[in-house]
Amino acid sequence: MAPRPIIIDTDPGQDDAIAILLALASEELEVLGITVVAGNVPLRLTELNARKICELAGKPETQVFAGCARPLVRPLVTAEEVHGKTGLDGPDLPDPVMPLQEQHAVDWLVETLRAAPAAGITLCTLGPLTNVAAALVKAPDIAGKITEIVMMGGGFFEGGNVTPAAEFNIYVDPHAAQVVFTSGIKTTMHPLDVTHKALMTRDWIDSLKTLGNRTGTAAAAMLDFYERFDMEKYGEDGGPLHDPCVLAYLLQPGLFQGRDCNVQVEIGSELTMGMTVVDWWGVSGRPANCHVINQIDAKGFYTLIHDRLARLP
């Protein structure tokens, strides 16, 4: 089969970095480009980090486009306390040589989707949904060329990780998330309810160091730094690895289970701003607009990442 064409929209972030590496290591996926948004750290760092990761993977030909530097309506909230001051604290990665593309990410999304074949393109969103929402507002016709949006974001029974009600990616730009959830585009959501069921172990992180390649060494250094925050916060033996769930779902959907639900985003209340209201039990009568994942084969998930990272330089 021909590889599945995808666009990755991201705010790297160590877990974003692992997701990008997983995509670039997988021949089943054709990464048409990476669009970058402000989120975990400001835009000037997320675009830099995306290029560092492409070069780490030996894929400097990958096109990276900088997008929105702030959310649609609200001030930017970042997460240096989780990801460090660079967003990729841990390894000492060299400054990238590959260029940042001159075109704005939103304009490139519109242009690329309009030119896509009838089968369309899958959007893999790993951060706030600002770029995607801005593109949909600017050019509503592109919705018909998006095969599916597969996102990491939200939570329901698990609650939030940045407020009691809201997960970080949705909280940063809840208005953008509401645009996406009301777009009519086929959407699959990987919330905290699934990512917290697949915790990294110390042995698994250490196993990356024995892959014998620079990617494994760098990935282990990223995750050594990254997991310490969640281990302290949640009192678990390991931290969740959120964003790679999106790419793993495309590669091995059998690792995941979920159900179709109606999902709405709270944009009116400061107390619950950014909450994803998931009608898991179908009590609202509103039609399903999202496939919500809540189960994962954690062993299979981590085996997939380990095996694919071994393919990279």
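For Thr86, the side-chain hydrogen bond (donor to acceptor under 3.5 Å, both in side chains) partners two or more places apart in sequence, or in a different chain, are Asp89.
In summary, Arg51 and Asp95 do not engage in a salt bridge, as defined by a charged side-chain N under 4.0 Å from a carboxylate O. Using a cut-off of 4.0 Å between Lys/Arg side-chain N and Asp/Glu carboxylate O, Asp173 and Arg74 are scored as not salt-bridged. We find that Asp193 and Lys197 are not joined by a salt bridge, their nearest charged nitrogen and carboxylate oxygen being 4.0 Å or further apart. Checked for salt-bridge contact, Glu27 and Arg4 miss the test: no charged N lies under 4.0 Å from a carboxylate O. Remark: Arg214 does not engage Glu55 in a salt bridge, criterion side-chain N to carboxylate O under 4.0 Å.
In this structure, His306 and Trp204 have side chains that are in contact, with non-hydrogen atoms separated by less than 4.5 Å. Thr195 is listed as a side-chain neighbour of Met152, based on a closest heavy-atom distance under 4.5 Å. A 4.5 Å side-chain heavy-atom check between Thr10 and Ile34 finds at least one atom pair inside the cut-off. Residues Leu113 and Ile146 are in side-chain contact: their nearest non-hydrogen atoms beyond the backbone lie under 4.5 Å apart. Residues Ile53 and Leu88 have side chains in contact (heavy-atom distance under 4.5 Å, counting atoms from C-beta outward). Contact of the Glu102 side chain with the Phe65 side chain is not registered, since no non-hydrogen atoms from C-beta on lie closer than 4.5 Å. A heavy-atom distance below 4.5 Å is found between the side chains of Ile6 and Ile8. Residues Glu80 and Pro42 have side chains in contact (heavy-atom distance under 4.5 Å, counting atoms from C-beta outward).
When atom types are taken as modelled, the side chain of Asp11 and the backbone of Thr46 share no donor-acceptor pair closer than 3.5 angstrom. Looking at Thr210, its side chain does come within 3.5 Å of a backbone N or O of Ser207 through a donor-acceptor pair. Of the possible polar contacts, none joining the Lys59 side chain to the Cys54 backbone as a donor-acceptor pair under 3.5 Å is found. At distances below 3.5 Å, not a single donor-acceptor pair connects side-chain atoms of Thr276 with backbone N or O atoms of Val265. For Thr125 (side chain) and Gly127 (main-chain N/O), no donor-acceptor pair under 3.5 Å exists by modelled atom type. Checking side-chain atoms of Ser269 against main-chain N and O of Leu271 turns up a donor-acceptor pair under 3.5 Å.
Within a 6.0 Å radius of CZ in Arg44, no more than 12 heavy atoms belonging to other residues, nucleotides or ligands are found. Shown here is Lys209, whose NZ atom has more than 12 heavy atoms of other residues, nucleotides or ligands within 6.0 Å. Other residues, nucleotides and ligands place more than 12 heavy atoms under 6.0 Å from the CG atom of Asp141. Around CD of Gln257, the count of heavy atoms belonging to other residues, nucleotides or ligands within 6.0 Å does not exceed 12.
When each of Thr122, Thr188, Thr187 is paired with Glu148, the side-chain hydrogen bond (donor to acceptor under 3.5 Å, both in side chains) condition holds for Thr188 and for no other.
The salt bridge (Lys or Arg N to Asp or Glu O under 4.0 Å) pairs that include a residue from residues 241-267 number zero, where partners must be two or more places apart or lie in different chains.
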What's the verdict on ring-ring contact (aromatic ring centres under 6.0 Å, His included) for Tyr226 and His83, showing C-alpha distance, side-chain angles and the deciding distance?
CA-CA 6 Å; Tyr226 172 70; His83 299 277; 5.4 Å; yes
Could you walk me through whether Met222 and Leu56 pass the side chain to side chain contact (heavy atoms under 4.5 Å, CB included) test, one step at a time?
CA-CA 13 Å; Met222 288 181 212; Leu56 174 65; 4.1 Å; yes
Side chain to side chain contact (heavy atoms under 4.5 Å, CB included) for Val277 and Val263? Distances and angles first, verdict last.
CA-CA 5 Å; Val277 182; Val263 179; over 6 Å; no
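Residues Ile293 and Met275 do not share a hydrophobic cluster, clusters being chains of Ile/Leu/Val/Met/Phe/Trp/Tyr side chains in contact below 4.5 Å.
The shortest non-hydrogen separation linking Ala133 to Val180 is N-CG2, 4.5 Å. The nearest pair of heavy atoms linking Leu247 to Ala23 is CD1-CB, 3.7 Å. Shown here for Pro244 and Ile305, the closest heavy-atom pair between the two residues is CB-CD1, 3.9 Å. Contact detail for Leu76 and Ala69: the closest heavy-atom pair is CD2-O, 3.9 Å. Closest approach of Val36 to Pro12, counting heavy atoms only: CG1-CD, 4.4 Å. Scanning both residues, Phe301 and Leu241, for their nearest heavy atoms gives CZ-O, 3.8 Å.
Ring pair His190/Phe256: centre-to-centre distance below 6.0 Å.
Classification of the Phe157-Trp280 ring pair by plane angle, with boundaries at 30° and 60°, yields perpendicular.
Atoms CH2 and CG, on Trp108 and Leu32 in that order, are 5.5 Å from each other to the nearest 0.5 Å.
Looking only at atom types and distance, the side chain of His242 has no donor-acceptor partner in the side chain of Asp15 under 3.5 Å away. No hydrogens or angles considered: a donor-acceptor pair under 3.5 Å links the side chains of Asp9 and Thr35. For the residue pair Asn262 and Ser284, no side-chain donor N or O sits within less than 3.5 Å of a side-chain acceptor on the partner.
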